[in-house]
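Every value quoted in this text rests on a predicted model; they were computed, and no experiment measured them.
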Amino acid sequence: MDKGTSRRHRLAIYGGTFAPPHIGHVHAALAFLEQLQPDTLLIMPAAVPPHKQIDAGDDPRLRLAMARAAFDELDSRIRVSDYEISRGGASYTWQTLTHFSKTTDSDLIFLCGTDMFLTLDLWRSPEIIFSLAEIACVMRVDDPAAYQRVKSKAAEYAERFGARTQMVEAMPLEMSSSEIRERIRQGEDIANLVPADVASFIAAHNLYQK
């Protein structure tokens, strides 16, 4: 490729607790890869998520292992990062984006779902988040009202922060990690909710039992 037409590496970051990672997470990651075509997608399990309560006895290293079980074989562009877990403490997005902006020569993209997108201005240091990364929101294609809320919020972010945003459209998969943990505690089957390797890992380590 001619040097004048080369482009910068595009590094996408998909953060979360992943307790446990489920097929909805996998679905979002694959939709992101297909529609936005980043060069690398980092799956970023949080050490201590500042915006949600995690179960007592949570082990970040086990969540990291589950994320690797879920994502390592999906696509050669996907890598699971231990950056936030190795750093420890509360995992703030602005700190993670600052780190990768300084240590890589990449254009950054931050992937989030609709609920997260609608509250980004309430996160710690949103001006840094919007200045360092393009924000890609995974949209529910079957919810026109939510789509309009996201479009309105994107316009607000552009005006307030100069934000760069785009939408990733995907069919919704209705599930949550907290519901899966409760099903495990109740002894219910989760085979259709998590990747097979994750289900095997949970069983082998007796995770999320009463």
Side-chain angles (χ1 to χ4, degrees), residues 13-32 41-72 74 78 80-85 87-93 96 110-124 129 135-143 145-146 149-150 153 168 170-210:
I13 297 174
Y14 181 17
T17 310
F18 302 110
H22 53 64
I23 60 171
H25 295 132
V26 172
H27 181 66
L30 292 177
F32 186 67
L41 171 57
L42 287 187
I43 306 298
M44 186 72 63
V48 180
H51 61 287
K52 66 171 61 174
Q53 182 70 34
I54 56 178
D55 288 359
D58 172 77
D59 187 333
R61 290 289 167 181
L62 292 178
R63 289 192 283 103
L64 178 66
M66 285 191 288
R68 287 173 171 155
F71 291 101
D72 271 353
L74 277 181
I78 296 179
V80 177
S81 174
D82 67 353
Y83 168 70
E84 290 188 351
I85 287 176
R87 187 181 68 200
S91 299
Y92 290 108
T93 297
T96 298
F110 180 68
L111 174 65
C112 63
T114 299
D115 293 342
M116 293 170 65
F117 183 85
L118 293 173
T119 61
L120 276 175
D121 54 333
L122 304 178
W123 290 22
R124 184 75 61 89
I129 295 173
I135 311 299
C137 176
V138 179
M139 285 296 305
R140 292 174 53 109
V141 297
D142 66 338
D143 191 340
R149 289 196 299 272
V150 168
K153 203 68 175 178
V168 176
M171 288 300 296
L173 293 179
E174 298 291 350
M175 66 188 64
S176 72
S177 293
S178 61
E179 292 170 354
I180 293 170
R181 294 195 302 272
E182 182 58 29
R183 292 190 64 154
I184 294 170
R185 282 190 283 268
Q186 298 298 327
E188 300 177 15
D189 183 38
I190 60 166
N192 63 334
L193 302 177
V194 301
D197 287 347
V198 173
S200 297
F201 188 95
I202 290 171
H205 292 81
N206 295 312
L207 299 181
Y208 309 124
Q209 301 297 325
K210 290 184 180 178

Exercise. Judged by atom type as modelled, is there a donor-acceptor pair below 3.5 Å linking the side chain of H27 to the main-chain atoms of I23?
Worked result: no
Exercise. Could you go step by step and tell me if F117 and M139 meet the side-chain contact (heavy atoms from CB on, under 4.5 Å) rule?
Worked result: CA-CA 10 Å; F117 183 85; M139 285 296 305; over 6 Å; no
Exercise. How long is the span from the CD atom in E179 to the CD atom in E188, to the nearest 0.5 Å?
Worked result: 11.0 Å
For this session: For E182 and Y208, run side-chain contact (heavy atoms from CB on, under 4.5 Å): C-alpha distance rounded to whole Å, both residues' side-chain angles, the deciding distance at 0.1 Å, then the answer.
Result: CA-CA 8 Å; E182 182 58 29; Y208 309 124; over 6 Å; no
Exercise. Which atom pair, heavy atoms only, marks the closest approach of I184 to L207?
Worked result: CG2-O, 3.5 Å
Exercise. Minimum heavy-atom separation for D115 to T119, with atom names?
Worked result: O-OG1, 3.3 Å
Problem set entry | Heavy-atom check, side chain of I43 versus side chain of S81, under 4.5 Å | no
Problem set entry | Shortest non-hydrogen contact from G24 toward M175 | N-SD, 3.7 Å
Exercise. Is there side-chain contact between M66 and F18, with heavy atoms separated by less than 4.5 Å?
Worked result: no
For this session: Look at atom CZ of R87 and say whether more than 12 heavy atoms of other residues, nucleotides or ligands are closer to it than 6.0 Å.
Result: yes
Problem set entry | Least distance between heavy atoms, V194 atom then P21 atom | CG1-O, 3.7 Å
For this session: Flag the pair L42 / Y14 as yes when at least one side-chain heavy-atom distance between them is below 4.5 Å, and no otherwise.
Result: no
Exercise. Hey, does I78 have a side-chain heavy atom less than 4.5 Å from the side chain of D72?
Worked result: no
Exercise. R61 versus D82: any side-chain heavy-atom pair under 4.5 Å?
Worked result: yes
Exercise. What distance do I135 atom CD1 and I129 atom CD1 have between them, rounded to the nearest 0.5 Å?
Worked result: 7.0 Å
Problem set entry | Spacing of CG belonging to L111 relative to CG belonging to L41, to within rounding of 0.5 Å | 7.0 Å
Problem set entry | Side-chain heavy atoms of V168 within contact of C137, under 4.5 Å | no
Exercise. Should T114 and V138 be marked as a side-chain contact (heavy atoms from CB on, under 4.5 Å) after you check the CA-CA gap, both sets of side-chain angles, and the distance that decides it?
Worked result: CA-CA 6 Å; T114 299; V138 179; over 6 Å; no
For this session: Give, for atom OG1 of T93 and atom CZ of F110, the distance between the pair rounded to the nearest 0.5 Å.
Result: 4.0 Å
Exercise. Where do I85 and P60 come nearest, in terms of heavy atoms and distance?
Worked result: CD1-O, 3.3 Å
Problem set entry | Separation between OH of Y83 and OG of S91, rounded to the nearest 0.5 Å | 9.0 Å
Exercise. With the threshold set at 4.0 Å, does a side-chain nitrogen-carboxylate oxygen contact exist between D121 and K153?
Worked result: yes
Exercise. Which atom pair, heavy atoms only, marks the closest approach of P45 to R63?
Worked result: CB-NH1, 4.3 Å
Exercise. Rounded to the nearest 0.5 Å, how far apart are NE2 of H22 and CZ of R181?
Worked result: 9.5 Å
